[in-house]
Amino acid sequence: MINAFCSISSSSPKFLNAMINDHVRNGRLIDARKLFDENPHGRNVTSWNSMLNGYIKNDQIRLACQLFDEMPERDVVSWNTLLAGFRRIGDSEQVVRRFVQMERIGVIPTEVTFTTVISAISNIGFEALVQQLHARVILLAFSSNVFVATALIGGYANLGDSIDLRIVFDEISVKNVTSWNALISGYMKLGCMDEARLAFETMPGRNIVSWTSLVHGYVCNKMPDEARCCFDKMPERNVFSWTVMISGYEKNGKFVEALELFLSMRESGVCPNQSTFSSALSACAGCSSLFIGKQVHVGILKSGLPLDVVLLSSLVDMYAKCGHVNAAIRAFEAMPEKNLVSWNSTICGFARHGFGVKALEQFERMKKHGIRPDYITFVSLLSACGHGGFLEEGERYFSSMERDFGIKPRIEHYACMVDLYGRAGQIDKAEKLIREMPFEPDVVVLGALLAACGVHSDLEHGLVAAELMYKLERDHPAIYSLLSKIYGDRGGWNEVIELRKVMKEMGAKKQKGSSWIQPSFCVS
DNA sequence: CTAGGGTTAG
């Protein structure tokens with residue numbers, strides 16, 4: 001009896017494959033491989049495919065590639081599986097490359113192939129391929145396939161094409177909740193609020209993802225109150241829904257609301273994950289709440305979640321922004337692997353708390369570690385130079401960013417430079433920079449110039465700056481407070497009185513400085 | 001045996 005069983009298991013590919021799949025489903029990769037190796041004669045393409053899938057589902061893409069190369073024969077499923085593997089790790093380039101390769105050697109793609117490729121390129125970079133793949137989908141009569149069409153909805157959403165988005169959706173012969181959800185997300189991404197709402201209301205059945213997509217859509221369209229209203233109506237919430245709403249408040253600058261909601265989540269019994277904690281830390285960073293930030297930190301440690309790079313960088317950033325620069329550095333040093341973001345956070349932390357020299361030193365360390373700076377690094381560096389009064393260093397960094405690092409200065413960088421020149425009293429240089437920069441000056445740039453004119457009581461340039469600012473934002477308080485300061489300095493009291501009157505009429509008020517009051521609740 | 005929708009630091 002036992003012998004009979006053994007002979008079936010080793011000679012029947014069907015049975016062998018079922019066993020391999022069972023192992024893979026339960027994460028027993030080693031057992032699957034052992035079974036696979038022990039039955040060299042009972043294997044067919046499907047066994048190889050199952051093994052390939054096993055590596056991919058267990059995030060062993062390298063081993064998967066190795067196995068793929070060893071395969072004696074490959075069918076379209078082998079290719080589809082490999083493509084899915086690259087998509088899984090977000091390697092769109094490999095997906096496209098392998099897809100082209102497979103076509104070249106004459107493997108006929110299936111609906112699965114298109115679903116995988118289209119959804120992989122929807123992320124970024126190959127958007128132009130969406131229409132071309134769509135054309136092939138039409139020719140092969142795959143348009144009505146719900147999987148293919150759902151992937152195409154995402155593709156057209158990325159292209160900003162709400163018309164084709166709808167056409168693709170209408171082509172689906174049997175729509176399901178996933179395709180409706182893709183439609184909602186797509187419309188929301190393009191800012192088509194009414195269409196998204198209508199789709200949500202008319203769809204036959206909603207699930208938790210539909211609700212979460214709607215909430216997320218409101219968040220992305222800067223409507224946090226609408227989002228909350230929808231969030232409150234949800235029949236059930238999971239960690240995704242909570243995280244979307246918490247990070248939504250955070251992204252819209254409603255930091256206290258974000259933290260209050262984080263507290264409610266803890267009371268609800270739903271466990272936060274790395275994203276949730278990360279968003280909570282950002283909210284603490286946003287409102288400089290060191291008190292809550294520390295408690296969130298403890299919560300992370302107590303949760304036992306793996307500390308990934310994203311989470312640890314949020315932690316560094318929180319401490320840096322809350323002014324606890326030492327803790328930021330300690331958290332940074334404790335990171336097993338550091339990335340650009342965590343380096344940036346430390347440089348930014350030094351810069352904004354007046355440790356200009358340390359910010360520059362940290363930048364040098366970062367370069368020694370072989371990390372390439374990005375535009376954010378330079379914003380921090382230039383602002384460090386501004387706060388420290390390092391005019392020459394600032395000029396040097398500014399000119400090196402494009403020359404040595406290929407980073408085109410953005411308007412933020414020009415604003416830093418205007419600030420730098422302005423503080424040094426070189427208002428003409430600041431003005432020249434503004435005239436020559438390839439952007440229209442914005443409120444930040446003009447604000448820096450106005451501030452400089454105020455500090456140095458430069459009436460002539462101050463008036464010009466104020467006039468420009470007036471065109472952008474006629475009731476910007478900086479205009480009036482700074483002009484009145486300049487006139488006041490020079491004893492032009494009639495002008496000051498006149499200005500005060502105008503300010504009163506417009507309701508402009510001098511911006512008040514205030515300290516951050518810690519919200520008086522606790523997060524355990 | 002292979003496929004689609006919702007979160008993530010500066």
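Because only heavy atoms are used, hydrogens play no part in the values below, and waters and symmetry mates are left out as well, while side chains stay in. Residue numbers begin at 1 in each chain, while the letters A, B, ... track the order of the sequences.
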Salt-bridge test for R197(A) and D194(A): reply yes if a basic N is under 4.0 Å from a carboxylate O, no otherwise. yes
Y375(A) ring centre to K408(A) NZ or CZ under 6.0 Å, with the angle to the axis within 45°? no
Between dA3(B), dA9(B), dC1(B), spot the one nearest the side chain of N21(A), thanks. dC1(B)
Which nucleotide in the list dA9(B), dG4(B), dG6(B) gets nearest to the side chain of V310(A)? dA9(B)
Kindly indicate, with the supporting measurements, whether the criterion salt bridge (Lys or Arg N to Asp or Glu O under 4.0 Å) is fulfilled by R136(A) and E103(A). CA-CA 12 Å; R136(A) 299 212 48 213; E103(A) 292 239 80; 2.4 Å; yes
Determine whether any donor atom in the side chain of N238(A) lies under 3.5 Å from an acceptor atom in the base of dG6(B), or the reverse, and answer yes or no. yes
Check this for me: does the side-chain of T116(A) come within 3.5 Å of the base of dA3(B) through a donor and an acceptor? no
Between N17(A) and N44(A), do the side chains contain a donor N or O and an acceptor N or O under 3.5 Å apart? yes
For K14(A), answer base if it contacts any base atom (sugar-phosphate contacts may also be present), sugar-phosphate if it contacts only those atoms, and nothing otherwise; contact means non-hydrogen atoms under 4.0 Å. nothing
Of dT2(B), dG4(B), dA9(B), the nucleotide closest to the side chain of N53(A) is dT2(B)
What's the closest nucleotide to the side chain of S119(A) if the choices are dG10(B), dG4(B), dT8(B)? dG4(B)
So for T115(A) and dA3(B), does any side-chain atom that can act as donor or acceptor lie under 3.5 Å from a complementary atom in the base? yes
